[in-house]
Amino acid sequence: MVSHGTVEIDIPSRVDLVAVVRMIVAAATNAVGALEGDRLDDLRWVTSEATTNAIQANQSTNGNGRVVITCDVADGVVRLSVRDQGPGMPEHYEVPDITHPDRLLIEGAFGVPLMERLASACQFVTAATGTTVNMELYQ
């Protein structure tokens, strides 16, 4: 098993590139043997959700912003970072409770709760120049 590897992907804000990003991140992680089975699937999910949210954030402003995805694997830990150039998250954003029955009546807004549940650690750093989501996943 290789103990270290980093991949950085810089994409325009286009939803059709989410599958490509997900494939590259999963393949790079799998190549060094950091995650397997369900945890590799979890990485695919959080990559898709974070990248989609970043694209939507960019499109909510001028639509021309870039999304930068960095995946670093060291000592069996996958560190995934997704950065946008959108307006930033609201100061007092509360993560919706996805287990509440009323959530079935609301379309969307599952990305942040999924990232928080599937990642071993999840942090949002927001500013006027955009948001960066930092996640760690362990086997």
Side-chain angles (χ1 to χ4, degrees):
M1 172 164 89
V2 178
S3 64
H4 186 69
T6 301
V7 172
E8 184 171 289
I9 308 161
D10 183 329
I11 63 167
S13 294
R14 292 184 17 213
V15 176
D16 60 321
L17 297 174
V18 174
V20 174
V21 170
R22 181 180 56 241
M23 180 188 67
I24 292 169
V25 167
T29 300
N30 193 40
V32 296
L35 298 177
E36 298 174 344
D38 289 345
R39 290 306 281 162
L40 191 56
D41 289 339
D42 292 346
L43 176 65
R44 288 182 180 101
W45 274 106
V46 298
T47 300
S48 291
E49 293 298 334
T51 304
T52 300
N53 285 356
I55 290 168
Q56 290 173 344
N58 285 347
Q59 290 177 345
S60 74
T61 55
N62 62 16
N64 296 325
R66 308 289 294 178
V67 177
V68 178
I69 302 96
T70 305
C71 180
D72 180 68
V73 180
D75 303 320
V77 178
V78 177
R79 290 177 182 82
L80 181 68
S81 173
V82 179
R83 184 177 71 233
D84 65 50
Q85 297 173 331
M89 292 176 72
E91 185 177 338
H92 299 290
Y93 179 77
E94 289 189 34
V95 177
D97 179 4
I98 61 173
T99 63
H100 193 279
D102 289 346
R103 282 296 291 144
L104 295 174
L105 305 174
I106 301 170
E107 190 66 37
F110 286 99
V112 171
L114 277 173
M115 287 183 270
E116 289 186 336
R117 287 181 184 258
L118 296 177
S120 303
C122 185
Q123 175 194 32
F124 298 87
V125 180
T126 193
T129 57
T131 299
T132 302
V133 181
N134 297 307
M135 293 176 276
E136 292 184 354
L137 286 89
Y138 314 107
Q139 183 62 45

Do [X] and [Y] come within less than 4.5 Å of each other through their side chains, counting heavy atoms only?
X	Y	result
Met135	Arg79	no
Arg117	Trp45	no
Val18	Val21	no
Val67	Ser13	yes

Worksheet entry | Arg83/Thr129 under side-chain hydrogen bond (donor to acceptor under 3.5 Å, both in side chains): CA gap, chis, key distance, verdict | CA-CA 10 Å; Arg83 184 177 71 233; Thr129 57; over 6 Å; no
Cluster question for you: counting only ILVMFWY and a side-chain heavy-atom cut-off of under 4.5 Å, with indirect links fine, are [X] and [Y] together?
X	Y	answer
Val77	Leu118	no
Ile11	Val20	yes
Val25	Tyr138	no
Val125	Ile69	no

Discussion item. If only side-chain N and O atoms count, and only distance matters, is there a donor-acceptor pair under 3.5 Å linking Arg22 with Thr47?
Written reply: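 Absent: no donor and acceptor within the cut-off.
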Worksheet item: Does CG in Asp38 sit with more than 12 non-hydrogen atoms of other residues, nucleotides or ligands closer than 6.0 Å?
Response: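 Count not over threshold, so no.
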Write down the atom of [X], the atom of [Y], and the distance for their closest heavy-atom approach.
X	Y	value
Gln139	Glu36	OE1-N, 2.6 Å
Ser60	Pro87	OG-CD, 3.5 Å
Thr132	Ser81	CG2-OG, 3.4 Å
Arg39	Leu35	O-CD1, 3.7 Å
Gln85	Asn58	N-OD1, 2.7 Å
Cys71	Val78	SG-CG1, 3.8 Å

Practice prompt. Give the intermediate values and the outcome of side-chain contact (heavy atoms from CB on, under 4.5 Å) for residues Cys122 and Val133.
Written response: CA-CA 7 Å; Cys122 185; Val133 181; 4.3 Å; yes
Worksheet item: Hey, mind stepping through Glu8 and Val68 against side-chain contact (heavy atoms from CB on, under 4.5 Å) and telling me if it holds?
Response: CA-CA 7 Å; Glu8 184 171 289; Val68 178; 3.9 Å; yes
Worksheet item: Of Val73, Val46, Thr29, Val7, which is the lone residue that meets side-chain contact (heavy atoms from CB on, under 4.5 Å) with Leu80?
Response: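 So, applying the side-chain contact (heavy atoms from CB on, under 4.5 Å) to Leu80 and each of Val73, Val46, Thr29, Val7, only Val46 qualifies.
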